[in-house]
Amino acid sequence: VQLQASGGGLVQAGESLRLSCAVSGGPFNRYGLGWLRQAPGKGREFVAAINGPGSGTDYADSVKGRFSISRDNNKKIVYLQMNSLKPEDTAVYYCAAKYYILSYRDTVPHEDYSYWGQGTQVTVSS
């Protein structure tokens with residue numbers, strides 16, 4: 001399984017960005033998908049995740065109401081729509097995937113991801 005993230009950039013506070021992550025290999029709808037980020041000098045943190053069918057999502061408290069995760073199971077892409085961006089959102093954003101057997105496919109993953117993309121830089125200026 002390979003993940004390719006894109007869509008990062010430099011924006012001003014209050015603006016929006018949409019990140020995309022194309023996934024190749026494996027049965028796409030059996031992977032829970034997530035976005036995590038790592039700011040300079042800090043550890044990697046959970047941002048948002050979505051289950052395989054796309055019926056369940058979860059968000060870090062710091063992004064609730066501003067970010068939205070979605071997936072297109074036909075195109076095999078997961079998105080992160082980021083609105084009302086703040087300087088503290090500045091980080092490298094990674095997409096990640098975790099495989100679930102059929103009976104657990106509705107699980108929204110928060111950790112223990114098996115596959116990772118290369119990261120895309122998001123910089124928010126004040």
Side-chain angles (χ1 to χ4, degrees):
V1 176
Q2 294 185 328
L3 295 88
Q4 181 73 38
S6 61
L10 172 63
V11 297
Q12 293 187 336
E15 294 185 338
S16 298
L17 275 177
R18 187 176 79 159
L19 305 183
S20 300
C21 179
V23 182
S24 59
F28 183 74
N29 62 357
R30 297 284 292 278
Y31 287 93
L33 299 169
W35 288 95
L36 299 93
R37 67 187 181 187
Q38 186 165 18
K42 296 186 178 181
R44 192 172 295 180
E45 66 170 348
F46 171 81
V47 175
I50 187 167
N51 65 6
S55 58
T57 59
D58 199 12
Y59 299 90
D61 288 343
S62 59
V63 307
K64 280 181 181 177
R66 300 188 298 122
F67 290 13
S68 177
I69 188 171
S70 61
R71 63 190 292 161
D72 186 327
N73 282 2
N74 291 320
K75 294 181 179 179
K76 299 185 178 182
I77 298 176
V78 59
Y79 302 100
L80 184 68
Q81 178 67 43
M82 306 185 294
N83 299 326
S84 302
L85 282 161
K86 303 176 181 180
E88 50 263 43
D89 294 318
T90 294
V92 177
Y93 283 71
Y94 298 90
C95 56
K98 183 175 182 179
Y99 178 81
Y100 287 97
I101 60 175
L102 188 60
S103 55
Y104 288 93
R105 69 171 185 164
D106 291 336
T107 305
V108 178
H110 294 82
E111 57 187 3
D112 298 329
Y113 290 91
S114 303
Y115 306 98
W116 293 84
Q118 85 287 4
T120 185
Q121 176 71 47
V122 172
T123 303
V124 184
S125 64
S126 58

Visitor: Are Tyr113 and Tyr104 connected in the hydrophobic side-chain network, where two residues link if heavy atoms are under 4.5 Å apart?
Guide: no
Visitor: Grab the two heavy atoms, one from Leu19 and one from Met82, that are nearest each other, plus how far apart they are.
Guide: CG-CE, 3.7 Å
Visitor: If Ile, Leu, Val, Met, Phe, Trp and Tyr residues are connected whenever their side-chain heavy atoms lie under 4.5 Å apart, and connections chain through other members, are Val47 and Ile77 in the same group?
Guide: no
Visitor: Carefully, step by step, assess Arg66 and Asp89 under the rule side-chain contact (heavy atoms from CB on, under 4.5 Å).
Guide: CA-CA 11 Å; Arg66 300 188 298 122; Asp89 294 318; 2.7 Å; yes
Visitor: Do the side chains of Leu102 and Val108 join up, straight or via other hydrophobic residues, at under 4.5 Å, putting them in one cluster?
Guide: no
Visitor: Would you say that Leu33 contacts Cys95 through its side chain, given a criterion of any heavy-atom pair below 4.5 Å between the two side chains?
Guide: no
Visitor: Heavy-atom distance under 4.5 Å between the side chains of Asn74 and Phe28, does that happen here?
Guide: no
Visitor: Mind checking what makes ring-ring contact (aromatic ring centres under 6.0 Å, His included) contact with Tyr94, not counting sequence neighbours?
Guide: none
Visitor: Evaluate the ring planes of Tyr31 and Tyr99, with Trp represented by its six-membered ring, and classify them as parallel (under 30°), tilted (30 to 60°) or perpendicular (over 60°).
Guide: perpendicular
Visitor: Checking side chain to side chain donor-acceptor pair (under 3.5 Å) for the pair Ser6/Gln4: CA distance, chi angles, key distance, verdict?
Guide: CA-CA 7 Å; Ser6 61; Gln4 181 73 38; over 6 Å; no
Visitor: Can you tell me how far NZ of Lys86 sits from OG of Ser62, rounded to the nearest 0.5 angstrom?
Guide: 8.0 Å
Visitor: For Tyr93 and Arg37, test the side chains for any donor-to-acceptor distance below 3.5 angstrom and give the result as yes or no.
Guide: yes
Visitor: Determine, step by step, whether Leu36 and Glu45 satisfy the side-chain contact (heavy atoms from CB on, under 4.5 Å) criterion, reporting the C-alpha distance in whole Å, the side-chain angles of both residues, the deciding distance to 0.1 Å, and the verdict.
Guide: CA-CA 5 Å; Leu36 299 93; Glu45 66 170 348; over 6 Å; no
Visitor: Can you name the one residue among Thr120, Ile69, Leu17 that meets side-chain contact (heavy atoms from CB on, under 4.5 Å) with Leu80?
Guide: Ile69
Visitor: Give, for atom OG of Ser126 and atom CD of Gln12, the distance between the pair rounded to the nearest 0.5 Å.
Guide: 9.0 Å
Visitor: Test Ser24 against Val1 for side-chain contact (heavy atoms from CB on, under 4.5 Å), laying out the working first.
Guide: CA-CA 6 Å; Ser24 59; Val1 176; over 6 Å; no
Visitor: Looking only at the side chains, is there a donor atom on one of Glu88 and Thr90 sitting less than 3.5 Å from an acceptor on the other?
Guide: no
Visitor: Determine which pairs satisfy ring-ring contact (aromatic ring centres under 6.0 Å, His included) with at least one residue from residues 39-63, sequence neighbours left out, and list them in order.
Guide: Phe46-His110
Visitor: Measure from the side-chain N and O atoms of Arg71 to the backbone N and O of Gly54, and report whether any donor-acceptor pair falls under 3.5 Å.
Guide: no
Visitor: Does atom CD of Gln2 have more than 12 heavy-atom neighbours from other groups under 6.0 Å away?
Guide: no
Visitor: What are the two closest heavy atoms between Asn83 and Ser16, and how far apart are they?
Guide: OD1-OG, 2.9 Å
Visitor: Taking the side chain from Arg30 and the backbone from Gly26, do they hold a donor-acceptor pair closer than 3.5 Å?
Guide: no
Visitor: Ignoring hydrogens and geometry beyond distance, is a side-chain donor-acceptor pair present between Asn51 and Thr107 at under 3.5 Å?
Guide: no
Visitor: Do Val11 and Trp35 sit in the same hydrophobic cluster, where Ile, Leu, Val, Met, Phe, Trp and Tyr count as joined when their side-chain heavy atoms come under 4.5 Å apart?
Guide: yes
Visitor: Between Gln118 and Ala5, is there a donor-acceptor pair closer than 3.5 Å when you use the side chain of the first and the backbone of the second?
Guide: yes
Visitor: Do Pro53 and Arg105 have side chains that approach each other closer than 4.5 Å (heavy atoms only, starting at C-beta)?
Guide: yes
Visitor: Linking I/L/V/M/F/W/Y whenever any side-chain heavy atoms sit under 4.5 Å apart, do Tyr79 and Val23 land together?
Guide: no
